[in-house]
Structure formats: C-alpha cells, structure tokens
Amino acid sequence: MKRIALIGSTGSIGKQVLNVVRRYPEDFSVVSLSAGNNEGAFLEQVTEFKPLVATLSKTPCCDGCVLPSGTEYFFGENAFTNAIIPDADIVVVSLVGYKGVIAVLDAINKGKDVALANKESLVVGGEIVTALAKEKGVRITPIDSEHSAVWQALNFDFNKKFSKIILTASGGAFRDYTKEMLESATKDDALKHPNWAMGAKITVDCATLVNKAFEVIEAKWLYNTTFDKIGVIIHRESIIHSMVEFDDGSVIAQMSYPSMEIPIQLALGYPERKKANVNSLDFAALKQLTFCEPDIERFPLLKEVVDAGKMGGLYPAVANGANDMAVELFLQGKIKYGDIRASICGALDSFSGGKIDGFSSLERANAFANEYVKNKFGV
Ligand code: NDP
Ligand code: MG
C-alpha cells in the first residue's frame, strides 16, 4: 500500500490521481490533500477520502460550513507544505506554476519520493532540486507524459545510456494558425487543445509551445543530460508520447491514445503495469502517424525559452516567472496573446543575471519576473 500526499488535488492531474486511487484501493491510499480555491471540490474530496491532513490556499467561506471531522486543516497560500506529512510514502506534486518548486523542495527535504507533474519546479530550480534529491536519496518519478515515455523507453533506469531523447509535441491549439491569425488569437482559441484536456495554464503553454520548451529543460534535469541530446518533433496525433534513440541507432517509442492515467499509475506504482482506463490502440484505424519540425518562425518561444534554459542560473526561473504572470493575465483577458512573448523576452532582457544561490535566489528571480510583467501592463 502506497500512502499518497496529493498537492493540487482539485486540478486536472489531481482528479486523475484520485481516479487511480479509487480504481486500486488495495494499492494506494490518500493521507493528505491540498487544493487552491475550489472549496466545493475540496470538501467533497475530504469527505470521500478522509485524509489525515487537508489544506486549502484560502480560508473556507462556505456559510455555516462544518468541516468534516477526523482531518487536521491548514489554510493559506503555502499551507500545502503541511500536507507533506511523515505518514506519506510519496508526494504527488500536481499544483500549477512556480509554487511547485516549494512543494518539491519541501518533500525532498522531508525525505519523501516525489511523483512529479509540476514541470515548472524543474524549470525554476532543476539544479538544486536534482542535487538535493541525490543527496537525500529521494526518487523523482515523472508524470508528464513525454518524460514518462522516456522513462519507459529507458526501462525505468534513469542511468541508462542513450544517444538522444526525442520529445513529441502535438503543436497545441495554434498549430494551424498563420502568423497573422496568431495576432488576434484569443483566450478561448488558446484553450482549444486538439488532443488533451488539461488545466487552463498548461493548455495556453501548449499553444505558445512554452510547454515544450519547459519539457526540454525538464528532460535535461530528469535524465541528467545536455541540451544537444534533446530534440523536439511535432507529431499531431499524440500517439507516440516520446522516444529514445540508443547508440546502435535503435529508437524506442512509447505509444497509447492520449491518457494521463498511464503515466500517473507508473509514477506511483512502477514497474508494475496495471490496467488503465485506455482503449487498445487500433493501428488500422489510425492509418498513419505524422511528424514535422517545429516552426520557430511562428513559435519563437520554443527556442527562446530553451535558450534561457541553456543560459542557466536564474534565467529559466525568470522565464517561468514571466510566463506564469503573463498567462494569468492572458486568461483574465487583460493582455493579448503576443504579450506573453513580450513578457518573457522583456523580463529575460532586463534581468541582470545571477547564479542559483539557494531557494531564496529562486524566490527573488520569480518575484522580479512577476513584477516586471505587472509593471509592463500596469496591473
Ligand atoms: P489545474 O489548473 O487543473 O490544477 C492546478 C491545481 O493546483 C488545482 O488543484 C489547484 O487548486 C491547485 N493549486 C493552485 N494553487 C495552489 C496552492 N497555493 N495550494 C494548493 N493547491 C493549489 O492544472 P493541471 O492539473 O492541468 O496541471 C498541474 C501541473 O501538472 C502543472 O504544472 C502542469 O504543467 C502539469 N502537467 C499537467 C498535465 C495535464 O494533463 N493536466 C500534463 C503534464 C503536466 P484549485 O483548483 O482548488 O484552485
Ligand atoms: Mg507533457
């Protein structure tokens, strides 16, 4: 029985983690839950799973609401660290944005294995996260589907030798948009992902291809490799979730219809492969799988954010902090699609650099980027 601390329980990934727990109650249980603002869903989850600890990023405001008994509660923006309790065997980090790095570092410091959905944590602090995990003997297992595919192709061996990682990308909501169409693209357009149903922020990241740039940085840290060994290919069908090429020229790909439950189950219970809620692939019906190079002309952020990753130090944290804030403003209808790129590039250009020097340097870089974007748009 694996006891799970679930940080980000009411989101797209969080709910799918709970589906896996419901399906395999003899293998998994939930000892703590953390949510953000969705009080209604949070209370339903607490009632159903009866965790030892539950946290919400705000104080609950339901009228005359009596919180289910038998659970200890904490409230506040960073209250989620209270959910990383000694009773947990593994911490699923599936909250969105910068705060993921706080959860991941706290989990590692407490000696807990991490099942990681929040890629932002490795973008922001991959250097210290992976070093600390090594020092504490903690394992980080990937939930992101591409990184799970790579892990599966490596036979779950993080140290296996390979020559290349090839990350696949659907191309996101704007893959067929011209440059002119992108200029007037709206939030509603950006939220129409062709193949995956996910939270709003990552869906916008997919539309800008920032998500894929983040995944390149994530792969660099998870697989302890260099940027020149990580490629990206557009694969519209999202059937191959990523590939690994070996020295003899063999390429191993992992395939399935799009489903996050496969990576979630593996991150929690590998190497066992349990039945997931996914249909068998029908190759005859698929007929063909297609591939093409990403179009950097239309999606320059793919290159620019990877370049920030290559510059290293605090630059990726600045790119992430600017993106977090810009996407939030875009989703609120306060800025345009093109402003996301202006935010990230502007923040990177005006940042004076610096090495990662502990967690506080990440906080400073994130705050700098958040403020830069807010000032730029006067919000
Ligand atoms: P969602 O927006 O659907 O969910 C985010 C979750 O984070 C919600 O449960 C939200 O709570 C919670 N949250 C936000 N702030 C806090 C806080 N301060 N304390 C506790 N919980 C908080 O996002 P997704 O599930 O789509 O994505 C989550 C992460 O996983 C992202 O980093 C994303 O990049 C990554 N990922 C997602 C994939 C997907 O298929 N969705 C695929 C691969 C990676 P509430 O709803 O209550 O406000
Ligand atoms: Mg992914």
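Start at 1 and go down the list; that is how both ligands and their atoms are numbered. Just so you know, these numbers come straight off a predicted model, no measurement behind them. Just so you know, residue 1 is the first one in the sequence shown, and it goes up from there.
Annotation: Q332, atom CD; neighbour count of heavy atoms from other residues, nucleotides and ligands within 6.0 Å is above 12.
Taking 4.0 Å as the cut-off between side-chain N and carboxylate O, R22 and E48 count as a salt-bridged pair. The pair K334-E328 does not count as a salt bridge, with every side-chain nitrogen at least 4.0 angstrom from each carboxylate oxygen. For the pair D144 and K119, the salt-bridge criterion is met [side-chain N within less than 4.0 Å of a carboxylate O]. Salt-bridge check for K274 with E272: passed, with a basic side-chain N closer than 4.0 Å to an acidic carboxylate O. A salt bridge links R236 with D176: at least one charged nitrogen is closer than 4.0 Å to a carboxylate oxygen. Ionic pairing of K201 and D324 is present here: one or more N-O contacts between side-chain nitrogen and carboxylate oxygen are shorter than 4.0 angstrom. In this structure, D89 does not pair ionically with K2, as no charged nitrogen and carboxylate oxygen lie closer than 4.0 Å. We find that D247 and K161 are joined by a salt bridge, their nearest charged nitrogen and carboxylate oxygen being less than 4.0 Å apart.
Of the protein's non-hydrogen atoms, the one nearest atom 46 (O) of ligand 1 is T10 OG1, 3.1 Å. Summary of contacts: the protein heavy atom closest to atom 26 (O) of ligand 1 is G199 N, 2.8 Å. Summary of contacts: the protein heavy atom closest to atom 18 (N) of ligand 1 is E77 O, 3.0 Å. Among all protein heavy atoms, the one lying closest to atom 6 (C) of ligand 1 is S94 O, 3.7 Å. In this structure, the protein non-hydrogen atom closest to atom 40 (O) of ligand 1 is M198 CG, 3.3 Å. The nearest heavy-atom contact from the protein to atom 15 (N) of ligand 1 is G36 CA, 4.3 Å. Of all protein heavy atoms, the one lying nearest to atom 3 (O) of ligand 1 is S12 N, 2.9 Å.
Annotation: the span from E77 atom CD to L56 atom CG amounts to 10.0 Å, rounded to 0.5 Å. A distance of 10.5 Å separates CD in E245 from NZ in K229, rounded to the nearest 0.5 Å.
The shortest N/O to N/O separation between E120 and ligand 1 falls below 3.5 Å. Among the atoms of G11, some N or O lies under 3.5 angstrom from an N or O of ligand 1. Taking distance alone, with nitrogen or oxygen atoms compared against 3.5 Å, Q16 stays at or beyond that limit from ligand 1. Between K99 and ligand 1, a contact under 3.5 Å exists for no N or O pair. Not one N or O of D144 is nearer than 3.5 Å to an N or O of ligand 1, by distance alone. Between G97 and ligand 1, no pair of N/O atoms sits closer than 3.5 Å.
Within the structure, the closest approach of S9 to ligand 1 falls below 4.0 Å when heavy atoms are considered. Within the structure, the closest approach of F80 to ligand 1 falls below 4.0 Å when heavy atoms are considered. Ligand 1 does not have G14 within reach: every non-hydrogen atom of the residue lies 4.0 Å or more from it. The closest approach between a heavy atom of K201 and any atom of ligand 1 is not below 4.0 Å.
For F162 and F246, the gap between ring centers reaches or exceeds 6.0 Å.
L266 has its side chain within reach of W151: a pair of non-hydrogen atoms, C-beta onward, lies under 4.5 Å apart. Proximity of I90 to V114: side-chain heavy atoms (C-beta onward) are nowhere separated by under 4.5 Å.
Against a heavy-atom cut-off of under 4.0 Å, A117 is close to the following atoms of ligand 1: 30 (O), 35 (C), 36 (N), 44 (C). Atoms of ligand 1 lying under 4.0 Å from at least one heavy atom of I202, given by number and element, are 26 (O), 33 (C), 34 (O), 36 (N), 37 (C), 38 (C), 42 (C), 43 (C), 44 (C). Listed by number with element, the atoms of ligand 1 under 4.0 Å from a non-hydrogen atom of N118 are 32 (O).
The distance cut-off of 2.8 Å around the Mg ion (ligand 2) captures these protein N, O or S atoms, sorted by chain and number: D144 OD1, E146 OE1, E215 OE2.
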Inset, instruction - Applying side-chain hydrogen bond (donor to acceptor under 3.5 Å, both in side chains), run through N323 and D205 and close with a yes or a no. - result: CA-CA 8 Å; N323 184 60; D205 289 347; 3.0 Å; yes
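For the pair K58 and F75, the cation-pi test (distance below 6.0 Å, angle within 45°) is failed. Relative to the ring axis of F80, K99 does not place its NZ or CZ within 45° and under 6.0 Å from the centre.
With a heavy-atom cut-off of 4.0 Å, M260 touches ligand 1 through its side chain alone. Contact annotation: for A35 versus ligand 1, heavy atoms closer than 4.0 Å belong to both the backbone and the side chain.
A side chain to side chain contact (heavy atoms under 4.5 Å, CB included) with V216 is found for exactly one of I165, V123, L167, V305, namely L167.
Of the candidates I102, L95, I13, T81, it is L95 that places a heavy atom closest to atom 29 (C) of ligand 1. Looking at V92, V93, I7, N37 and measuring to atom 48 (O) of ligand 1, the nearest heavy atom belongs to N37.
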